[in-house]
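Each chain gets a letter, A, B and so on, in the order its sequence line appears, and its residues count up from 1.
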There are 2 protein chains.
Amino acid sequence: MVEQEALDDVLKALADSTRRVMIQRLSEGERTVGELAEPLSMSLAGASKHVGVLESAGLITRERRGRERVCSLRPNALRELRDWVAHYAEFWDSRLNALDAALRADNAEEDDE
Amino acid sequence: MVEQEALDDVLKALADSTRRVMIQRLSEGERTVGELAEPLSMSLAGASKHVGVLESAGLITRERRGRERVCSLRPNALRELRDWVAHYAEFWDSRLNALDAALRADNAEEDDE
DNA sequence: TTCTTGCTCAACCATATGGTTGAGCAATGG
DNA sequence: CCATTGCTCAACCATATGGTTGAGCAAGAA
């Protein structure tokens, strides 16, 4: 059902704030590797590695265009993650609702604040 | 707004299939560390470390009960992750819809299959 | 008390990860 | 042609991660 391997790669790729910043920027539109690297206080080669991680996780694509490499988000790679999280978020929500109810009950009892 | 540090910990914790299995089992109910370790072809100490990672990411709690440590999921730690994913899933979905539309258009043209 | 169970902790090891630099290639500009 | 720009690759380094074993503590059983 769920391809655990792919989910692993996606989660590992996202578990780094540098790469999440890249995803953020790419959600605004295409960016070259250089553009992604620019605000990052890191060498270009370092940024390029991060791009590589995102690419092999299937989260983005890198396309040669002249001498630049243009990156764009790949819709659909996050699907699996979304489904996974949604599954547990459901569970979480029901727990939260139970918690809320309990807290409301407590507050009603105490009749304070 | 979003606590990047916490999100980092949550994503790192989940980016390991062993720990996701633990989450899965815990979603069915409380489990002791030993119970979580049992199906894992790994030493108890190893499993205990994984439990520690989940705990310090805020995803579960570990409570001493007699000589056992009982683990349970902590509702609400996944909230931030869910929100993050939901944000991008929205983006992803709109892209996917565009893709679907494009594909439908292609199929209509080809009028095949 | 003594033995056993359930677990944690510390030390250690191998490999993965995140970063660097330096070399070098391919495309564009002079 | 040659220089410059945009990037990748390989080598290297430090630290983090995932696992092991062995010691040991705390609680329950005998």
Item to check | Helix axis bend for the helix from dT1(C)-dA30(D) to dG30(C)-dC1(D) - C1'-based end axes, five pairs, 10° rounding | outcome: 10°
Checklist outcome for this item: salt bridge (Lys or Arg N to Asp or Glu O under 4.0 Å) pairs touching residues 51-61 of chain B, sequence neighbours excluded, are Glu55(B)-Arg62(B)
Checklist entry - Are Leu26(B) and Leu59(B) side-chain neighbours, meaning at least one heavy-atom pair lies under 4.5 Å? => result no
Item to check | Any Glu30(A) side-chain heavy atom under 4.5 Å of Arg65(A) side chain | outcome: yes
Next on the checklist: Using every non-hydrogen atom in the two residues, find where Val51(B) and Cys71(B) come nearest and quote the distance to one decimal.
Outcome noted: CG1-SG, 3.9 Å
Checklist entry - What integer distance in Å separates Arg69(B):CZ from dA27(D):C1'? => result 10 Å
Item to check | Listed once per pair and sorted, the salt bridge (Lys or Arg N to Asp or Glu O under 4.0 Å) pairs that draw on residues 44-54 of chain A, sequence neighbours left out | outcome: none
Item to check | Donor-acceptor under 3.5 Å (Arg74(A) side chain, Gly58(A) main chain) | outcome: yes
Please tabulate, for the side chains in residues 33-48 of chain B, all donor-acceptor contacts under 3.5 angstrom to protein atoms that are two or more places apart in sequence or on a different chain.
unit_1: Glu35(B); atom_1: OE1; unit_2: Thr32(B); atom_2: N; d: 2.8
unit_1: Ser43(B); atom_1: OG; unit_2: Gly46(B); atom_2: N; d: 3.0

Checklist entry - Any side-chain N or O of Thr32(B) under 4.0 Å from OP1/OP2 of dC7(C)? => result yes
Could you go over nucleotides 16-21 of chain D and give all protein N or O partners under 3.5 Å, atom names and distances?
unit_1: dG18(D); atom_1: OP1; unit_2: Asp16(B); atom_2: OD2; d: 3.3
unit_1: dG18(D); atom_1: OP1; unit_2: Arg19(B); atom_2: NH2; d: 3.3
unit_1: dG18(D); atom_1: OP2; unit_2: Arg19(B); atom_2: NH1; d: 3.2
unit_1: dG19(D); atom_1: OP2; unit_2: His50(B); atom_2: NE2; d: 2.2
unit_1: dG19(D); atom_1: N7; unit_2: Lys49(B); atom_2: NZ; d: 3.0
unit_1: dG19(D); atom_1: O6; unit_2: Lys49(B); atom_2: NZ; d: 2.3
unit_1: dT20(D); atom_1: OP1; unit_2: Ser43(B); atom_2: N; d: 3.4
unit_1: dT20(D); atom_1: OP2; unit_2: Ser43(B); atom_2: N; d: 3.0
unit_1: dT20(D); atom_1: OP2; unit_2: Ser43(B); atom_2: OG; d: 2.8

Next on the checklist: So, OP1 or OP2 of dT8(C): does either fall under 4.0 Å of a side-chain N or O from Ser48(B)?
Outcome noted: yes
Checklist outcome for this item: On a heavy-atom basis, the closest approach of Ala15(A) and Asp8(B) is O-OD2, 3.9 Å
Checklist entry - Going by heavy atoms in the side chains, are Arg69(A) and Glu63(A) under 4.5 Å from each other? => result no
Item to check | Rounded distance (Å) that lies between atom C1' of dA26(C) and atom CD of Glu68(A) | outcome: 13 Å
Checklist entry - How close do Asp9(B) and Ala57(B) get, heavy atom to heavy atom, and via which atoms? => result O-CB, 3.7 Å
Item to check | Nucleic acid contacts of residues 56-66 of chain A, taken as heavy-atom distances under 4.0 Å to DNA chain D | outcome: Arg62(A)
Checklist entry - Hey, does the side chain of Arg19(A) reach the backbone of Leu14(A) with a donor-acceptor pair shorter than 3.5 angstrom? => result no
Next on the checklist: Without decimals, in angstroms, what is the distance between Arg67(B) CZ and dA27(D) C1'?
Outcome noted: 6 Å
